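Heads up, the thing below is written out as structure tokens.
Proteins get letters first, then strands, A, B, ... in listed order; numbering begins at 1 in each. Computed from heavy atoms alone, side chains included, the values below leave out hydrogens, waters and symmetry copies. If you're wondering where the values come from, they're calculated on a predicted model, not measured in any experiment.
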Amino acid sequence: MLRLDGERKSAQQAKDAAAAQMNQISKSIGMLMAKGEREKAEEAKAQTGALKAQIAEFDAKMSEAEEAQTKLLLTIPNVPYDIVPEGAAAEDNLVVKSNVPHHGGDTVGTWVGEVNNDEAKLPHWELAKKYNLIDFDLGVKISGAGFPVYIGQGARLQRALINFFLAEANKAGYTEIMPPTVVNAASGYGTGQLPDKEGQMYHCEVDDLYLIPTAEVPVTNIYRDVIIDEKELPIKNCAYTECFRREAGSYGKDVRGLNRLHEFSKIEIVRIDTPEHSDASHKEMLEHVEGLLQKLELPYRILRLSGGDMSFTAALCYDFEVYSEAQHRWLEVSSTSNFDTYQANRLKCRYRRAEDKKVVLCHTLNGSALALPRIVAALLENNQCEEGIRIPKALQPFFGDDMIR
RNA sequence: GGAAAGAUGGCAGAGUGGUCUAUUGCGUCGGUCUUGAAAACCGAAGUACGGAAACGUACCGGGGGUUCGAAUCCCUCUCUUUCCGCCA
């Protein structure tokens, strides 16, 4: 990287010097012509040939080094913050907090249920059938595996959750955005899905457009090639969109039911902030997400991801997981990350610092608040009782009932 | 699908081969005036890369070409707008 950078710089210096000379000669020709001194002008013209060749040569060197540099840069992941746990995989993630005792981290005392001890509980795919909420086979018929059809109370539960999450985000000061769900390649590169995750996105080849895997892509790309006034920061946006993921290569028992889908609904919160304030912003986002899980009365834990388990683009990432009582395992429902300047650098998303009017890279952050399917899975499984499925109090006004029957 | 026009600095909008590192207006910032504000007047102000700095180079949608010299001429691509057709 450093070698390429050096090559680029020295090529530019050589090119700039030659170009400066060339510009001067051209200018003098113009002046001579104006004065009518044709012969002197012709003399000057004769000098330009060699210079021109030089410029072309140095220019080629420069763009060659620049291209190689850009290419290399695109393959380098973000640099994790110091507090990120070392490690290569999910086992190295650190549980920082949970409302379920004995699951690591600080226990917060809101969860009063008992987990992992009731063999009679049905998994959500059986509950979905029992109460006619979701038809997975119908989805296969219409689209394929991983495209469930929500029906009746199932569909209403989806709508209730979307509205609940948006209402909470609005309350927390996020501006609601309804972006396109299909984006161009430039947007994919801007937020870092391209080239890293090319194979995970649905691609419409005829138009060279991508189906978004998350609202992060269109909502963050609003700020591509933009210089923001510092007084506008932090920018707080939220968006509900459908999300599309090919999930190539991930098949097996973990994908049963709602656990892993090709299309799902998600409410995303996105922030653009200054480097000084991004950490505080991140904490606010974590509190917001945690608050949602508390209002939904779900058992949850919060993990600080290890370097190896973080996405390519994140500098610091926390996952939120809810406990699924019939599957006896934790399900990831949110990733809330600070990307530092990593995305901003690709997006060319900068702000003008009030203090000295300098143009500086922003920090970008985003988090799911929240993704629906696994929330639905946990709600169904954890709240099943003889009469049906209990709807948490906070959700009842949105669902219009206290129970799925 | 057919036809036409267009792409210039935060925005609007001039500029058809040589002080264009781009006229002008609006907006922005600083100042004068004012008790304060408005108005008026004066002034400042793009981005990127290189350089300690002075300064240099590049950038008028992208790419290529002609020329000593291109916002301006030629080729090509992309996108946008308008009209017609079709449609929600």
Watson-Crick or G-U wobble mate for [N], both contacts under 3.5 Å:
N      : value
U67(B) : none
G17(B) : none
C33(B) : none
A45(B) : none
A12(B) : U24(B)
U81(B) : A4(B)
A39(B) : none
G50(B) : C55(B)

Could you tell me how far [M] sits from [N] if I compare only their [atom1] atoms? Round to whole Å.
N      : M      : atom1 : answer
G25(B) : G36(B) : C1'   : 29 Å
A22(B) : U34(B) : P     : 36 Å
G6(B)  : C87(B) : P     : 31 Å
C74(B) : G17(B) : P     : 12 Å
A70(B) : G15(B) : C1'   : 13 Å
A12(B) : G18(B) : C1'   : 29 Å
G1(B)  : C49(B) : P     : 41 Å
G30(B) : A45(B) : C1'   : 10 Å

Calculate, to the nearest 0.5 Å, the distance between atoms [atom1] and [atom2] belonging to [X] and [Y] respectively.
X       : Y       : atom1 : atom2 : value
L316(A) : D279(A) : CG    : CG    : 7.0 Å
L72(A)  : T70(A)  : CG    : OG1   : 9.5 Å
L379(A) : Q384(A) : CG    : CD    : 12.0 Å

Within the structure shown, what part of the strands sits under 4.0 Å from [X] by heavy-atom distance: base, sugar-phosphate, or nothing?
X      : value
I25(A) : nothing
K15(A) : sugar-phosphate
A19(A) : sugar-phosphate
S26(A) : base

Taking atom types as modelled and ignoring hydrogens, do the side chains of [X] and [Y] form a donor-acceptor contact shorter than 3.5 angstrom?
X       : Y       : result
S281(A) : R271(A) : yes
Q396(A) : D401(A) : no
S187(A) : N184(A) : yes

Nearest-nucleotide comparison on RNA chain B, the residue closer to the 5′ end among A17(A) and K27(A)
K27(A)

Relative to the 5' end of RNA chain B, which residue comes earlier, M22(A) or E66(A), by the nucleotide with the nearest heavy atom?
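So the residue in question is E66(A).
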
Taking only side-chain N and O atoms of [X], does any of them lie within less than 4.0 angstrom of OP1 or OP2 on [N]?
X       : N      : value
R352(A) : U47(B) : yes
N23(A)  : G18(B) : no
K45(A)  : U67(B) : no
R8(A)   : G50(B) : yes

Nucleotide N/O of nucleotides 27-29 of chain B paired with protein N/O under 3.5 Å:
none

Given [options], identify the nucleotide with an atom nearest to the side chain of [X].
X      : options                : answer
Q12(A) : U47(B), G56(B), C68(B) : G56(B)
K9(A)  : G51(B), U47(B), U57(B) : G51(B)
D16(A) : G56(B), A48(B), C68(B) : G56(B)
A20(A) : U57(B), G46(B), C68(B) : U57(B)

Rounded distance (Å) that lies between atom [atom2] of [N] and atom [atom1] of [X]:
X       : N      : atom1 : atom2 : result
K348(A) : C49(B) : NZ    : P     : 9 Å
I228(A) : U47(B) : CD1   : C1'   : 16 Å
Q24(A)  : U19(B) : CD    : C1'   : 13 Å
R350(A) : C49(B) : CZ    : P     : 9 Å
Q21(A)  : U57(B) : CD    : C1'   : 14 Å
D59(A)  : G50(B) : CG    : P     : 15 Å
F58(A)  : G50(B) : CZ    : P     : 18 Å
D207(A) : U78(B) : CG    : P     : 12 Å

Judged by atom type as modelled, is there a donor-acceptor pair below 3.5 Å linking the side chain of S368(A) to the main-chain atoms of A371(A)?
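No, S368(A) side chain to A371(A) backbone: no donor-acceptor pair under 3.5 Å.
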
From the options R374(A), R329(A), R301(A), select the one residue that forms a salt bridge (Lys or Arg N to Asp or Glu O under 4.0 Å) with E321(A).
R301(A)

For the residue pair F312(A) and Y342(A), does the interplanar ring angle fall in the parallel (under 30°), tilted (30 to 60°) or perpendicular (over 60°) class?
perpendicular

How about Y318(A) and H282(A): are their ring centres within less than 6.0 Å of each other?
yes

On the six-membered ring of F398(A), is R159(A) placed so that its NZ or CZ lies under 6.0 angstrom from the centre and within 45° of the ring axis?
no

